[in-house]
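Naming: A, B, ... by sequence-line order, numbering from 1 per chain. No hydrogens, no waters, no symmetry mates; every other heavy atom, side chains included, goes into these values.
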Number of protein chains: 2
Amino acid sequence: MERTDAEDSDRNLTPDELAWDHRHASPSTMVSSSQKALIDFARERLGERGVVVDRDDLAPWLTDWRGRYHGDAPALLQPDTLADVAAILERANALGVALVPQGGNTSMVGGATPPADGSALILSLRRMNRIRRIDADQNLAVAEAGVILQNLHEAAEAQGRRFPLTLGARGSATIGGLVSTNAGGTQVLRHGTMRALVAGVEAVLPDGAIHDGLAPLKKDNRGYDLNQLLIGAEGTLGIITAATLRLVPAIARRAVAWVGLDHPRTALNLLRRIEARTDAIESFEIIPGDSLALVLSAIPDTRAPLASEHRWHVLIEAVSGEGEELDPKKLLETVLADAFEAGMAEDAVIAASESQAEALWKLRHSLSEAERSAGPAVQHDISVPVAAMPDFMIDAAREAEARFPGTHATAFGHLGDGNVHFHVRAPQGAGWDRWYAQEAETISRFVNDLVVAAGGSISAEHGIGQMKLHELERLGSPARLSMLRAVKAAIDPRAICNPGKLVSLAPASRGT
Amino acid sequence: MERTDAEDSDRNLTPDELAWDHRHASPSTMVSSSQKALIDFARERLGERGVVVDRDDLAPWLTDWRGRYHGDAPALLQPDTLADVAAILERANALGVALVPQGGNTSMVGGATPPADGSALILSLRRMNRIRRIDADQNLAVAEAGVILQNLHEAAEAQGRRFPLTLGARGSATIGGLVSTNAGGTQVLRHGTMRALVAGVEAVLPDGAIHDGLAPLKKDNRGYDLNQLLIGAEGTLGIITAATLRLVPAIARRAVAWVGLDHPRTALNLLRRIEARTDAIESFEIIPGDSLALVLSAIPDTRAPLASEHRWHVLIEAVSGEGEELDPKKLLETVLADAFEAGMAEDAVIAASESQAEALWKLRHSLSEAERSAGPAVQHDISVPVAAMPDFMIDAAREAEARFPGTHATAFGHLGDGNVHFHVRAPQGAGWDRWYAQEAETISRFVNDLVVAAGGSISAEHGIGQMKLHELERLGSPARLSMLRAVKAAIDPRAICNPGKLVSLAPASRGT
């Protein structure tokens, strides 16, 4: 059962596809004597295969997949054992050489792109790609950092299990990066983000010390939770080398429904009504009527799921696993009957076949592509408390459109997670480059201010990386920012782990 | 629906009951000039009611509820607003005066007892006891640190909801302490520990900065998770003042079964078989046959749940909430029929009434009391990976009995959480004080070594506090210990928050 997350659907680029970017790499990079010492050390320890210095070979890894961030690095090191990662970090720390950890290079926020000045080496975990163990009885897998998500999906499926986290970049994104960014996706409603799916973490701290936290302990109160600290730290506190991950039974049956309704508030009320009855709902995605219209006009082989037009739509998926008694289709029939009775649903349909289910998902997955065809947009990955989301979707869109005349603002996505993709589209006829260059930052600041006012997060899924560093500094509370800096300085005092991402060590100038 | 956790059932002491302990308090305590300055500041800010210096009034709070740890403090400060907590911490930090946070004073590991030298003041959160909000629609409650667990239970129940964490000390334990120790209990199997039930945290950091992390964001990737860092930190990184907590529907129906079987391995296989079918199991507790025999002989009004004798027993509880279709009794009937067919269950019974259900739980809850009547025991709160628990229970008991001749070792409790209470009982006729004084430390080290060898945790539920500090230093990995010290020093550089608990700032001498 495959799914992709539309807004990320073009993340799945191969290094070859990205190779055009090597024109951005400078022909030669100054290498410091410390860097040279680390490269020599790595060459001796890992062999020639473990060290990449050729400019053409390096090129794909110096730029993020969307071509927005261009970095430089004299070398890429690729160890394939825990001991080698530990040895490299220990030496790098002693030498004061910074390392940028990298997996599939699918960051949405420039989190895996090295600094432009070539001051860091890339530490690729892609060769550390063993699935050490799948224990179907225990519903656990132990996967190394370089395991590609899709490979884990397939290995779990071969044993009647499922790793219930997926996203568009599943063919490239690696476990280390997914854990380090606390990845989300379309199944968070039921199964949580990566944080909830990680049962254990193995990592190397900046000084080379090994943290063996793989044992899946359900209860462990030995102080500050180092695993939790490393999850979502974007590689700034050490290098995750493996994770123990929770599995669930493979999907035996699924049912997908499409509902037309009048307002996001109705959608949320519907979700709550359903959740009071069952926890089998995996996805609950909201789509504005005009965005659906864009999909139908721009994307081939799509057709309206309902005969009538509606201001808002939701896609609902329910699943049951092997051996579970629940019939997801019957469940959706029951809840939709109840929704009609309660006056919540205007119209609805349940997919009668797997291909119909896929067709409904295709509408959801095509939203970003359809939006792009309508012109440039500034995109935001934001969250607010679930209860506040319906009003936020309406009010923030109205406010943005009023503040930036001619723009069109839309929000769609994971309503049940309080996480939508908030797009502000350029006025008709605006040239992409010019409009974006002139307006993007102002628009983002405006949207982020609204998010903070609603008690939300300016990064729901994608992390901070380079892209949101300044906004985090601008909007984070003093307590949060000083904690970030204090923890970073304490655990990585020489600042060798992913410098320039997530946290800047010097306090930004702030009004007092 | 009330439950208590037997091993903690005597925790529920009131300050009055503890008052005998004031004989341990020294008649007068040296007060430093900095302490005096903080006391004066607090008196001015909080009024007389907010500052306790009377020795008799202080006495109950200077000793842990079991009378094992005796501390001293010149004063107890009791602010009742966030702003007052922040003001006190800011001033204490500036003055370098240490504070020991305290809620219900129900720590199992001396975590809330001040140092013996009177170098710290007690910061009681008990007056900060408002339930700020219960939002039944959202299944969320916002409770201040001083709210007593039982009061939260009742407030949730009044709105058809349940806060699904409970333990023996529910009549005394407060939300701040429960969050700060990542409390567990008997419902962790389905609902997780406190860490899983906390949707937001409000806290004051050691420098007085306020962390407002109460907003219940399901997705938030703005760097290191300060909420997660504070949960389970035992008050050593700041003072939790309130938490947003997840609720679930109130229990509409429950069913309780008792099963006799041959081995913990069979019990675990049975649990897995049931979990493949349903996630409605709230409790799955394992009890050795000889422990049950102790209960039946020592505790009045108890009777054998099954006609025949069995080496092991499990108690299973399934529940369904208001509006859920699941019938828990039918569910247990189905899974037990299946268990008989699979040759897993030797005998079983399902409670036919609520009073029968209570009678079955009483057997479980009386285990600690029955064990105590059989003589002194050294108790351990430990966890190992769930899959390793059945063998651990058998092997560790055998090894402990072989190593300490005449002792009797038993393990019982939360099998599905990989967490048992492991007791080593004194040989017949041994005097409590002498035997405990001579043997307790050696036995605990032996048991903890076995736990570490099995990849487990020497503190599953109770935390580290003072009691387990040395064992954590002896057994923790260098990576874990250096992380604990680095984070503590970074966030609380003047070491004013709960000194001497969880982490000691100076590295212990270690073999190299």
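- At distances below 3.5 Å, not a single donor-acceptor pair connects side-chain atoms of B:Lys219 with backbone N or O atoms of A:Gly184.
- Note on B:Pro493, B:Ala460, B:Ala486, B:Ser383: by heavy-atom pairs under 4.5 Å with chain A, the leading option is B:Ala460.
- Of all the listed residues (B:Leu205, B:Ile464, B:Leu484), the one sharing the greatest number of non-hydrogen pairs under 4.5 Å with chain A is B:Leu484.
- Of the possible polar contacts, none joining the B:Arg265 side chain to the B:Pro390 backbone as a donor-acceptor pair under 3.5 Å is found.
- Heavy-atom distances place no part of A:Pro249 under 4.5 Å from chain B, backbone and side chain included.
- For a residue to count as touching a neighbouring chain, one of its non-hydrogen atoms must lie under 4.5 Å from one of that chain's; by this rule A:Asp220 touches chain B with backbone and side chain alike.
- Contacts of A:Asp137 with chain B are made by both backbone and side-chain atoms, with heavy-atom separations under 4.5 Å.
- Both the backbone and the side chain of A:Ile458 come within less than 4.5 Å of a heavy atom of chain B.
- Between the NE2 atom in B:His211 and the CD1 atom in B:Ile239 there is a gap of 14.0 Å [rounded to 0.5 Å].
- Chosen from B:Val503, B:Val204, B:Thr236, B:Asp212, the residue pairing most often with chain A at heavy-atom distances under 4.5 Å is B:Thr236.
- Contact annotation for A:Lys468: neither backbone nor side-chain heavy atoms come within less than 4.5 Å of a heavy atom of chain B.
- No part of A:Ala489 comes within reach of chain B, as not one of its non-hydrogen atoms sits under 4.5 angstrom from that chain.
- Residue A:Arg277 touches chain B through both its backbone and its side chain, counting heavy-atom pairs closer than 4.5 Å.
- Atom CD of A:Gln138 has more than 12 heavy atoms from other residues, nucleotides or ligands within 6.0 Å.
- Proximity of B:Met108 to B:Glu461: side-chain heavy atoms (C-beta onward) are nowhere separated by under 4.5 Å.
- Residue contact with chain A, scored on non-hydrogen atoms closer than 4.5 Å, involves the backbone and the side chain of B:Arg222 alike.
- Checked by atom type and distance alone, the side chain of A:Thr241 never pairs as donor or acceptor with a backbone atom of A:Leu82 at under 3.5 Å.
- Note on B:Ala215, B:Ala388, B:Pro385: by heavy-atom pairs under 4.5 Å with chain A, the leading option is B:Pro385.
- For the set A:Gly418, A:Pro216, A:Gly238, the entry with the most heavy-atom pairs within less than 4.5 Å of chain B is A:Pro216.
- A donor-acceptor distance shorter than 3.5 angstrom exists from the side chain of B:Asn182 to the backbone of B:Arg195, with no hydrogens or angles considered.
- Remark: the backbone N or O of A:Ser504 is paired with a side-chain donor or acceptor of A:Arg485 at under 3.5 angstrom.
- Chosen from A:Gly223, A:Gly200, A:Ala196, A:Ala209, the residue pairing most often with chain B at heavy-atom distances under 4.5 Å is A:Gly223.
- Counting non-hydrogen atoms of other residues, nucleotides and ligands closer than 6.0 Å to CD of A:Glu275 gives a total above 12.
- In this structure, A:Glu234 contributes its side chain and A:Gly465 its backbone to a donor-acceptor pair below 3.5 Å.
- The part of A:Thr181 that comes within reach of chain B is its backbone (N, CA, C, O), which places non-hydrogen atoms under 4.5 angstrom from that chain.
- Here the straight-line distance linking atom SG of A:Cys497 with atom CG of A:Leu237 works out to 8.0 Å at 0.5 Å rounding.
- For the options B:Asn269, B:Val188, B:Thr193, heavy-atom pairs under 4.5 Å to chain A are most numerous at B:Val188.
- The most heavy-atom pairs under 4.5 Å with chain A, out of B:Ile382, B:Thr278, B:Leu230, B:Asp279, come from B:Asp279.
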